[in-house]
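Numbering of ligands and ligand atoms starts at 1, following listing order. All residue numbers refer to positions in the sequence shown, counting from 1.
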Amino acid sequence: MLSAGVDVGSLATKAVVLDASRLRIVAGVRIPSGASPQDAGGRALEQALSEADIDIESLSAIVATGYGRESLSFAHSTVTEITCAARGAHMLDPHARTVVDIGGQDSKAIGVDAEGYPLDFALNDRCAAGTGRFLEVMAGALETDVDGLERLAVEADEVAQIARTCTVFAESEVVGLLAGGTDRRSVAAGLCRAVALRTSGLVLQVGVEPPVMLVGGVAKNGAIARELGAVLKTELVVPDEPQLVVAIGAALVAAERALEMHTGHSMEDEA
Ligand code: ADP
């Protein structure tokens with residue numbers, strides 16, 4: 001049984017095709033969201049179908065999630081990112097009890113129960129501080145990109161202190177530190193620590209129930225994952241494709257809903 005999940009995020013749109021009977025990811029793509037969430041969602045799904053070498057008719061259901069989820073006319077239903085993050089994380093590691101999602105313009109901490117459903121969550125969607133957008137701006141100030149920022153951070157001997165959390169003020173602070181002769185690598189390490197500290201406040205609002213899984217595009221930065229683990233005093237689990245986890249959760253919900261429609265049974269009944 002094949003299903004699809006499309007996650008239209010603020011900066012990136014992700015699509016996953018899932019073979020739900022074997023819990024196997026058949027295809028996963030991510031493209032920039034651009035100005036039209038509907039176009040991005042359609043293109044991401046098309047690319048995932050072509051990667052999986054199937055037609056849209058082969059899908060039992062499509063679920064949309066993410067901030068642009070309501071704009072996708074081809075989706076059969078929509079689900080919040082909170083539920084999808086919890087479902088996707090649980091599929092990849094059924095032990096996960098806390099999921100931290102750092103995306104392009106928001107971050108979330110979600111407490112997850114033993115069945116992979118959200119118990120509680122805390123959300124920052126008011127401010128770019130501590131998100132992917134923050135890292136992009138800071139990478140620009142360091143004349144690199146988000147991947148380069150991590151490479152610089154891991155080479156640092158010292159960690160510069162970044163006192164300001166606001167993206168605009170922190171950027172001025174970074175420019176000032178560089179002008180004052182602070183090593184770029186130390187500044188990069190300081191920025192990773194700043195994101196980890198900012199995120200830890202959110203996690204503490206829901207409580208640190210291990211294992212903690214880190215997902216979202218920013219989870220690809222290993223320095224942030226290590227810093228966050230150190231602040232929370234627990235090792236973080238980072239899946240292979242952290243940016244696809246919410247779309248994986250959407251595809252799983254799609255499969256569950258299709259099964260319920262056709263049999264009147266839930267996947268849990270079948271298990
Ligand atoms: P959204 O769903 O809000 O669009 P995503 O979870 O797709 O967010 O993550 C997108 C963000 O991830 C972007 O801001 C991007 O800069 C960031 N990102 C992508 N790759 C990396 C990386 N290697 N290190 C840190 N951040 C990254």
Any chance CD of E158 has more than 12 other-residue heavy atoms, nucleotides or ligands included, within less than 6.0 Å?
no
So that I can tick it off, tell me whether E46 and R43 are bridged by a salt bridge, with the cut-off set at under 4.0 angstrom between side-chain N and carboxylate O.
no
Hydrogens and angles aside, do K220 and Q243 bring a side-chain donor and acceptor to less than 3.5 Å of each other?
yes
Using a cut-off of under 3.5 Å, which N/O atoms of ligand 1 pair up with protein N/O atoms, and what distance separates each pair?
from, atom 1, to, atom 2, distance (Å)
ligand 1, 2 (O), K14, NZ, 2.8
ligand 1, 3 (O), S10, OG, 3.0
ligand 1, 3 (O), G104, N, 2.9
ligand 1, 4 (O), S10, N, 3.3
ligand 1, 4 (O), L11, N, 2.8
ligand 1, 4 (O), A12, N, 2.8
ligand 1, 6 (O), G217, N, 2.9
ligand 1, 7 (O), K14, NZ, 2.7
ligand 1, 7 (O), Q243, NE2, 2.8
ligand 1, 8 (O), G104, N, 2.9
ligand 1, 9 (O), G217, N, 3.3
ligand 1, 14 (O), E136, OE2, 2.6
ligand 1, 16 (O), E136, OE2, 2.5
ligand 1, 23 (N), D147, OD1, 2.8

Restricting to pairs with a member in residues 178-197, which pass side chain to side chain donor-acceptor pair (under 3.5 Å), not counting sequence neighbours?
D183-R185, R193-E227
Contacts of type side-chain hydrogen bond (donor to acceptor under 3.5 Å, both in side chains), residue D125, not counting sequence neighbours
none
R198: which residues meet the salt bridge (charged side-chain N to carboxylate O under 4.0 Å, His left out) condition with it, sequence neighbours left out?
none
